[in-house]
Amino acid sequence: MGMTTNHYYPGLEGVVAAETRLSHVDGQKGILIIAGFPVEELADKATFEEATYLLWHDALPTAGQLQEFQQALAARRALPPATLALLREAAVAQVPVMDALRMAAGTLNLNVPATGGDPAHDQALALLARFPTIAAAYWRLRQGHAPIPPHEKLGTAANFLYMLSGEEPAAAAVRGLETYLNTVIDHSLNASTFTARVIISTRSDLVSAIVGAIGALKGPLHGGAPGPALDMVFEIGSAGRAEAYLRAKLERGERLMGFGHRVYKVRDPRATLLAAAAEKVYTAGGDMTLYNLVRAVEEKAVALLEEYKPGRNLKTNVEFYTALLLYGLGLDTELFSPTFAVGRVAGWIAHCFEQQAANRLIRPSSAYRGVWDRRWVPLGQR
Ligand code: ACO
């Protein structure tokens, strides 16, 4: 069933390129549904393992299924020696964390423990289990510290915090991180998910699809925004300086990181959710200075974006409050994008399974705008 239209949609805006049961975004109403749940409910109630199981199996796990899933992940968290060796080399070269994650993810066909079931599912478990280990191990190596092996009793979120610091995290911090991971676990056909689906649609392997998705995620227009968003807040420093700073940035034609979205034309519901989670974390920490500054910068930014780009509806997106929340949990700005990947990899894998179950090669068309009648000129005569 080919379409004969030659119409070009820049950035594929509005083009429906997949059917999915995984998530739905209503950009006018500011609603996000994940596998049947409002994101708020999943963010609040589910562990990251439960949310992942829901996406992979289209049902919440029973207690027995959850325990089995947790054990399967625990058995796969440790990194193969080759992956660790690569991370050590990357740390010497001071490679950015997302690049190290991409390189290390490429090694994850190695040492994949078999469950005796589907090899693709074994790969999926290894990818999901090892993402936090890679990010934490590399972060420590970059700081000149030895990696901390995963704790066999802790789940994904708690382990991530533990492997960064060596201390067992407080329950509130674990809940804060799970809220974040569940919030970003899936988001319809975003650029990295689309990349993963394109790769798997060629009948390539899961590791290749996930490595491609990391490449798409790290760009500043997608998952690379939260670090720069918070750096901007730090540069602004105090609420009174926000307007002049933001105005100067917009006058230079620069984009404000953490604002605007292809689909949302209202405030991203994930921003609201993560702002509330951040408020809890900062309230518990007893210092609201940064929280209040971020709120003030947001208010000024949204007003100025309306002034400079009227009618564009550039509102706060998920990245702005990702930054505030993760920083409040003790994560450095450079770890924001890798932490996004720790959550989103579950969604990427679910989309790959979904694509494989009803696959057709993804291969769109292009409209030729080149020259039709060029003449060949021999090399010596050009
Ligand atoms: N700051 C300033 N201007 C902006 C911003 C922004 N954050 N976002 C969009 N605009 C402007 C564009 O310059 C453009 O203006 P013009 O029409 O005068 O040229 C107009 O708004 C429309 O922009 P597009 O690039 O066509 O919008 P698109 O839908 O492609 O962009 C995107 C979405 C990439 C997220 C954009 O809003 C952006 O660059 N935001 C900043 C980066 C960011 O926060 N990324 C994270 C996104 S959330 C996520 O991926 C998880």
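Since the model is a prediction, treat every value here as computed from it, not as a measurement. For the numbers below, each heavy atom of this structure counts, side chains included, while hydrogens, waters and symmetry mates do not. All ligand and atom numbering here is 1-based and tracks the order in the structure.
- Taking all atoms of both residues into account, the shortest heavy-atom contact from Leu293 to Gly237 is CD2-O, 3.5 Å.
- Taking all atoms of both residues into account, the shortest heavy-atom contact from Leu304 to Glu243 is CD1-O, 3.9 Å.
- Of all the listed residues (Leu314, Leu217, Leu246, Asp268), Leu314 holds the heavy atom that lies closest to atom 11 (C) of ligand 1.
- Distance screen at 4.0 Å: atom 27 (O) of ligand 1 has no protein heavy-atom neighbour inside the cut-off.
- Proximity to Ala225 (heavy-atom distance under 4.0 Å) selects the following atoms of ligand 1: 43 (C), 44 (O), 45 (N), 46 (C).
- When only interatomic distances are considered, the shortest N/O to N/O separation between His222 and ligand 1 falls below 3.5 Å.
- You'll find the ring centres of Phe234 and Tyr327 inside the 6.0 Å limit.
- Of all the atoms in ligand 1, the ones that sit under 4.0 Å from a non-hydrogen atom of Gly258 are 43 (C), 44 (O).
- The atoms of ligand 1 that sit less than 4.0 Å from any heavy atom of Pro220 are 42 (C), 43 (C), 45 (N).
- At least one heavy atom of Phe340 sits less than 4.0 Å from an atom of ligand 1.
- Backbone and side-chain nitrogen or oxygen atoms of Asn317 are examined, and one is located within less than 3.5 angstrom of a nitrogen or oxygen of ligand 1.
- Looking only at protein heavy atoms, the nearest one to atom 41 (C) of ligand 1 is Phe259 O, 3.4 Å.
- Summarising the contacts of atom 45 (N) of ligand 1 with Leu250, Asn190, Leu221, the nearest heavy atom is found in Leu221.
- Annotation for ligand 1: atoms under 4.0 Å from non-hydrogen atoms of Met257 are 42 (C), 44 (O).
- Looking at Glu354 and Arg197, a side-chain N of the basic residue comes within less than 4.0 Å of a carboxylate O on the acidic one, giving a salt bridge.
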**Request:** Check step by step if side chain to side chain donor-acceptor pair (under 3.5 Å) holds for Thr156 and Arg77.
**Result:** CA-CA 9 Å; Thr156 303; Arg77 284 208 172 91; 3.1 Å; yes
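- Listed by number with element, the atoms of ligand 1 under 4.0 Å from a non-hydrogen atom of Leu305 are 1 (N), 2 (C).
- Using a 30° and 60° split on the angle between ring planes, Phe131 and Trp348 fall in the perpendicular class, above 60°.
- Salt-bridge check for Glu298 with Arg267: passed, with a basic side-chain N closer than 4.0 Å to an acidic carboxylate O.
- Any N or O atom pair closer than 3.5 Å counts here, and Val318 shares no such pair with ligand 1.
- With Asn190 contributing its side chain and Ser188 its backbone, the two residues share a donor-acceptor pair below 3.5 Å.
- Under a 4.0 angstrom heavy-atom cut-off, Gly11 registers as lying outside contact with ligand 1.
- With Lys309, Arg312, Glu319, Arg255 as candidates, the residue nearest to atom 23 (O) of ligand 1 on a non-hydrogen basis is Arg255.
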